Amino acid sequence: MARTGTTDDGDELLTRLGALTAQARAQAEMQRSRVELAIALQRGMLPRHLPVAHRLHLAVRYTPACQGLNVGGDWYDAFALGDGRIGLSVGDVQGHNIEAAAFMGQVRAGLRALASVTSEPGEVLARTNELLLSLSSDLFATCTFMRLDPCAGVLESARAGHLPCVWATADGKSGVAEDEGGPPLGILAGVSYPVTRYELTTEAMFVLLTDGVVEGPCLRLEEGLDQVMRLAGIAAVAGMDVDALAAALIKGAERVGHDDDAAVLVVGLDGPEAQP
């Protein structure tokens, strides 16, 4: 039997297919623009210059999540506190969209502003937590804030639901920090954040990072932290440049199988005998 049909039916089908294709392209373009905007927003809020001090070496790496047209709210920061000490922070905002990137900027700015009033790490996190709660946002953030005195070799650290840092010294010792920490910022009121104090008597490295570096479908968190600890230990003993270590760590983040931002902040401190 011969198949029957009309030219009008075929034209209508082609018209519908064309409209659907145009709609899909428009939606993809809009989403791509949102991702590009979020990435630009993130990069614009990250520090362009790192502080300089005797004995101190800093290196950073940051890779935004682009797979799946998502982008998160990871950040790093390092700035002078005005008394010869250095403020250091790394953190991660819940969510993967423009709102998360914008909220990241608020958290980072809040940390800097409050650190100019009191740089004690536990107090900085507690006040930032109250500030974020006053914004009545649905988002929250994990964060580590440190205060480093490069001349005295004293590092003080407090954590708000964030990954522990990794440390290594030139005498062959290394580990994952076992400080207590507190809950993420922006969830509970009246929270206190304990402070851990390190007195560095030899050349040392500290690695602050976000979970996109060490955790994903292909890698458990404990294994990821162990890998970072081994790399940091080798770098400290070999006298490796902090920039080389940061590059190696962010390169390793490609193998965890994640769809997340990845941020690394490496802090290197020369021994007390180092010449100015």
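Only a predicted model underlies this, so the values are computations on that prediction, with no experimental measurement involved.
No more than 12 heavy atoms of other residues, nucleotides or ligands sit less than 6.0 Å from atom CG of Asp138.
Within the 4.5 Å cutoff, no side-chain heavy atoms of Leu249 are placed close to those of Gln227. The shortest distance between side-chain heavy atoms of Leu125 and Thr144 does not fall below 4.5 Å. By the 4.5 Å heavy-atom criterion applied to side chains, Leu148 and Pro150 are counted as neighbours. Residues Val214 and Leu221 form a side-chain contact, since some pair of their non-hydrogen atoms from C-beta on lies under 4.5 Å apart.
Side-chain N or O atoms of Asp77 include none that pairs as donor or acceptor with a backbone N or O of Leu88 at under 3.5 Å. With Glu130 contributing its side chain and Ala189 its backbone, the two residues share no donor-acceptor pair below 3.5 Å.
Expressed to the nearest 0.5 Å, how far CZ of Arg55 lies from CG of Leu269 amounts to 4.0 Å. The structure places CG of Leu200 at 13.0 Å from CE of Met205, a figure rounded to the nearest 0.5 Å. Rounding to the nearest 0.5 Å places CD1 of Ile250 at 9.5 Å from OH of Tyr62. Atom OG1 of Thr128 and atom CG of Leu133 lie 11.0 Å apart (nearest 0.5 Å). If you take CG on Leu56 and CG on Leu50, they are separated by 9.0 Å, rounding to the nearest 0.5 Å.
Centroid-to-centroid, the aromatic rings of Tyr193 and Phe145 stay 6.0 Å apart or farther.
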Pairs under 3.5 angstrom only: tabulate donor-acceptor contacts from the side chains of residues 160-182 to other protein residues two or more places apart or in another chain.
from: His162; atom 1: ND1; to: Thr142; atom 2: OG1; distance (Å): 2.8
from: His162; atom 1: NE2; to: Leu209; atom 2: O; distance (Å): 2.8
from: Thr169; atom 1: OG1; to: Asp171; atom 2: OD1; distance (Å): 2.4
from: Thr169; atom 1: OG1; to: Lys173; atom 2: O; distance (Å): 3.4
from: Asp171; atom 1: OD1; to: Lys173; atom 2: N; distance (Å): 3.4
from: Asp179; atom 1: OD2; to: Arg159; atom 2: NE; distance (Å): 3.0

>> Between Cys143 and Leu111, does the side-chain contact (heavy atoms from CB on, under 4.5 Å) criterion hold? Intermediate values first, please.
In response: CA-CA 10 Å; Cys143 175; Leu111 283 167; 3.7 Å; yes
> Is there a side-chain contact (heavy atoms from CB on, under 4.5 Å) between Tyr76 and Thr210 once you walk through the steps?
Replying inline: CA-CA 9 Å; Tyr76 62 82; Thr210 58; over 6 Å; no
> Between Val124 and Arg147, is a side-chain contact (heavy atoms from CB on, under 4.5 Å) present by the stated rule, with each step listed?
Replying inline: CA-CA 10 Å; Val124 170; Arg147 178 173 65 178; over 6 Å; no
>> Checking Val52 against Leu58 for the side-chain contact (heavy atoms from CB on, under 4.5 Å) test, could you report, in this order, the C-alpha distance in whole Å, the side-chain angles of both residues, the deciding distance, and whether it holds?
In response: CA-CA 8 Å; Val52 177; Leu58 297 175; over 6 Å; no
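Partners of Glu120 by salt bridge (charged side-chain N to carboxylate O under 4.0 Å, His left out), not counting sequence neighbours: none found.
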